[in-house]
Amino acid sequence: MDNGFFKNVEKKTGVNMKDILDLANSLQNANFKDERTVRGVIRKVSQIANKPVSREMEDKIVQSIIKDGKQLDFNTISKMINKK
């Protein structure tokens, strides 16, 4: 994708594309059955999105991913964060 596309996304969302791409790269071989890994991802997404996540909400997201088998993607986490 060209640089202009990323600039437009950054402008509309306020999210740095480098941060998103770095996070995506770090997730490629991550173990999403590991609670520490999942908590780390939730915290990183929260930081990138500039949306604080309470410990209670973090626990619910972790349970949903690890115990209930939900897929871990930005959409899932974003929806859960925005429900608070």
Side-chain angles (χ1 to χ4, degrees):
M1 299 200 167
D2 66 54
N3 200 24
F5 173 78
F6 289 119
K7 293 291 182 197
N8 283 337
V9 172
E10 286 179 351
K11 202 186 292 186
K12 288 181 180 181
T13 64
V15 177
N16 184 320
M17 288 283 76
K18 182 183 179 322
D19 291 341
I20 296 292
L21 295 174
D22 288 347
L23 178 61
N25 286 332
S26 74
L27 298 178
Q28 287 181 353
N29 296 315
N31 176 7
F32 295 113
K33 295 294 180 186
D34 176 60
E35 184 175 333
R36 288 182 71 198
T37 300
V38 174
R39 286 188 187 279
V41 170
I42 293 166
R43 290 176 184 148
K44 184 66 177 174
V45 171
S46 171
Q47 178 186 10
I48 290 171
N50 196 25
K51 283 271 209 176
V53 176
S54 69
R55 179 64 181 202
E56 180 184 357
M57 179 57 65
E58 184 179 305
D59 290 343
K60 287 180 183 178
I61 295 170
V62 168
Q63 179 177 343
S64 177
I65 292 165
I66 293 176
K67 294 181 176 78
D68 299 342
K70 279 197 178 175
Q71 286 190 330
L72 181 64
D73 58 43
F74 296 117
N75 242 357
T76 301
I77 295 173
S78 176
K79 285 178 185 175
M80 291 177 158
I81 289 171
N82 287 324
K83 281 185 183 177
K84 66 176 188 164

Checklist outcome for this item: dist D19:CG -> I48:CD1 (nearest 0.5 Å) comes out at 5.0 Å

Item to check | Separation between OG of S46 and CE of M57, rounded to the nearest 0.5 Å | outcome: 11.0 Å

Checklist entry - Going through the distances and angles, do E58 and R43 end up as a side chain to side chain contact (heavy atoms under 4.5 Å, CB included)? => result CA-CA 8 Å; E58 184 179 305; R43 290 176 184 148; 2.8 Å; yes

Next on the checklist: Strictly distance-based, threshold 3.5 Å: is any side-chain N or O of E10 a donor or acceptor partner for the main-chain N or O of N16?
Outcome noted: no

Next on the checklist: Can you give me the closest heavy-atom contact between V62 and E35, atom names plus distance?
Outcome noted: CG1-CG, 3.8 Å

Item to check | Pairwise side-chain contact, F32 with I66, heavy-atom cut-off 4.5 Å (strictly under) | outcome: no

Item to check | Partners meeting side-chain contact (heavy atoms from CB on, under 4.5 Å) with D59 (sequence neighbours left out) | outcome: R39, R55

Checklist entry - Which pairs with one or both residues in residues 21-32 pass side chain to side chain donor-acceptor pair (under 3.5 Å), sequence neighbours excluded? => result K18-D22

Checklist entry - Taking atom CG of L27 and atom NZ of K44, what is their separation to the nearest 0.5 Å? => result 10.5 Å

